[in-house]
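Report on the structure given below.
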Amino acid sequence: MDHASLNSDLDKRLSSVMDGRKNNKISGYINDCHISAYYHMRLAWMLRSHYQFKICFILCDWALSELIRALYAWEHNEFCAINGLSMLEQLELLHTDSNSGLDIIIFRGTMQSLAELEELPHIQSLKSSDVDKLLFNTEDILCRLSARIFADSTKQYQRVRDMEKRY
């Protein structure tokens, strides 16, 4: 074996090891995003019980951001800060053959608008049932996004209310 082929073989092995480490980091990052989204929603449901609706909206937005980051990392095999994606890039990421992704973008924009409301009377006039619908809708979207990342249903996002019923 000559020197050039040894270097080439060594380069291939080193590249394979580096790719494996990157994939492990990406996989860990995806799992962390997934867990973070679950805890954001768990806290949102707790605070909903205490009529802290604005904080619920912020937490819902953060949960959606986490799974969008995870989806980006899964599809592109690289890390992403949600602020680094334009609306068009998010739409392209969320688009599938069966869903344009526009509903998710609009819903997320709505959650961001509600979270940024400065007028307390508007938030206080909301009914708990309306906030529940927003929380359920957020979790439906999280389930859909999670299913695109994890083929195994046991690893997919589990609704907070479903998990609480088990215990």
Side-chain angles (χ1 to χ4, degrees), residues 14-48 52-118 122-123 126 130-164:
L14 184 58
S15 176
S16 174
V17 168
M18 295 306 285
D19 285 345
R21 286 185 184 162
K22 183 178 179 186
N23 286 340
N24 286 340
K25 286 182 181 180
I26 295 290
S27 178
Y29 175 75
I30 290 169
N31 286 329
D32 290 346
C33 289
H34 195 262
I35 291 167
S36 180
Y38 173 78
Y39 282 113
H40 287 320
M41 289 307 300
R42 188 170 176 192
L43 185 55
W45 278 106
M46 282 189 245
L47 291 172
R48 176 251 169 250
Q52 299 296 315
F53 298 150
K54 182 173 179 160
I55 298 171
C56 291
F57 303 144
I58 292 169
L59 290 165
C60 286
D61 179 51
W62 288 356
L64 290 167
S65 296
E66 288 293 337
L67 273 193
I68 290 172
R69 278 189 214 133
L71 183 61
Y72 181 90
W74 181 77
E75 287 192 0
H76 293 73
N77 202 27
E78 62 184 30
F79 300 104
C80 169
I82 193 64
N83 297 338
L85 291 177
S86 70
M87 190 71 76
L88 182 60
E89 291 170 322
Q90 289 180 50
L91 190 56
E92 289 173 359
L93 177 67
L94 298 171
H95 177 79
T96 63
D97 291 338
S98 62
N99 186 344
S100 69
L102 189 57
D103 62 326
I104 297 172
I105 295 292
I106 291 172
F107 181 77
R108 184 156 183 260
T110 302
M111 294 306 290
Q112 288 173 332
S113 296
L114 287 169
E116 293 171 2
L117 269 179
E118 293 296 328
H122 291 295
I123 295 173
L126 290 171
D130 294 332
V131 176
D132 288 351
K133 289 176 189 175
L134 291 169
L135 292 171
F136 280 119
N137 198 7
T138 301
E139 289 201 304
D140 287 341
I141 292 170
L142 294 174
C143 288
R144 288 177 16 211
L145 294 176
S146 181
R148 289 180 54 188
I149 299 168
F150 299 103
D152 182 0
S153 63
T154 61
K155 292 183 179 181
Q156 292 175 6
Y157 180 85
Q158 303 294 315
R159 287 176 177 81
V160 172
R161 290 294 180 192
D162 293 345
M163 295 300 288
E164 288 177 354

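Everything quoted here is computed from the prediction, not taken from an experiment.
Considering CZ of Arg69 and CG of Leu145, their distance stands at 13.0 Å, rounded to 0.5 Å. Here CG of Leu64 is found 8.5 Å from CD1 of Ile104. Values are rounded to the nearest 0.5 Å. In this structure, OG1 in Thr110 is found 11.5 Å from CZ in Arg108, a value given to the nearest 0.5 Å. Distance check: His40 NE2 to Cys33 SG gives 9.0 Å after rounding to the nearest 0.5 Å. Here CG of Leu102 is found 14.0 Å from CZ of Phe107. Values are rounded to the nearest 0.5 Å. The structure places CZ of Phe53 at 7.0 Å from SG of Cys56, a figure rounded to the nearest 0.5 Å.
Under the 3.5 Å distance criterion, the side-chain polar atoms of Ser36 are left unmatched by any main-chain donor or acceptor of Asp32. A side-chain donor-acceptor contact under 3.5 Å links Gln158 to the backbone of Gln156. Between the Gln90 side chain and the Ile105 main chain, no donor and acceptor come within less than 3.5 Å of each other. At least one donor-acceptor pair under 3.5 Å links the side chain of Arg148 to the backbone N or O of Leu94.
Closest approach of Leu142 to Leu67, counting heavy atoms only: O-CD1, 3.3 Å. The two residues Lys155 and Phe150 have their closest heavy-atom pair at O-CD1, 3.7 Å. Looking at every heavy atom in both residues, Ile68 comes nearest to Leu93 through O-CD2, 3.7 Å. The nearest pair of heavy atoms linking Ile30 to Ala70 is CG1-O, 3.7 Å. Taking each heavy atom of Val160 and Arg42 in turn, the nearest pair found is CG2-N, 3.6 Å. Taking each heavy atom of Cys60 and Leu135 in turn, the nearest pair found is SG-CD2, 3.2 Å.
Not a single ring-ring contact (aromatic ring centres under 6.0 Å, His included) links Tyr39 to another residue, sequence neighbours left out. For Tyr72, the ring-ring contact (aromatic ring centres under 6.0 Å, His included) partners are His76, not counting sequence neighbours. The ring-ring contact (aromatic ring centres under 6.0 Å, His included) search around Trp74 returns none, not counting sequence neighbours.
Each of Ile141, Asn137, Leu59, Leu134 was evaluated against Met111; a single residue qualifies, Leu134, per the side-chain contact (heavy atoms from CB on, under 4.5 Å) test.
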For Arg159 and Asp140, run side-chain contact (heavy atoms from CB on, under 4.5 Å): C-alpha distance rounded to whole Å, both residues' side-chain angles, the deciding distance at 0.1 Å, then the answer. CA-CA 8 Å; Arg159 287 176 177 81; Asp140 287 341; 2.5 Å; yes
Run the side-chain contact (heavy atoms from CB on, under 4.5 Å) check on Glu116 and Phe57 step by step: do they pass? CA-CA 9 Å; Glu116 293 171 2; Phe57 303 144; over 6 Å; no
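Side-chain contact check for Asp132 versus Trp45: some heavy-atom pair is nearer than 4.5 Å. Put simply, the side chain of Arg144 reaches to within 4.5 Å of the side chain of Asp103, judged on heavy atoms.
Glu66 and Tyr38 share no donor-acceptor pair across their side chains, judged by distance under 3.5 Å alone.
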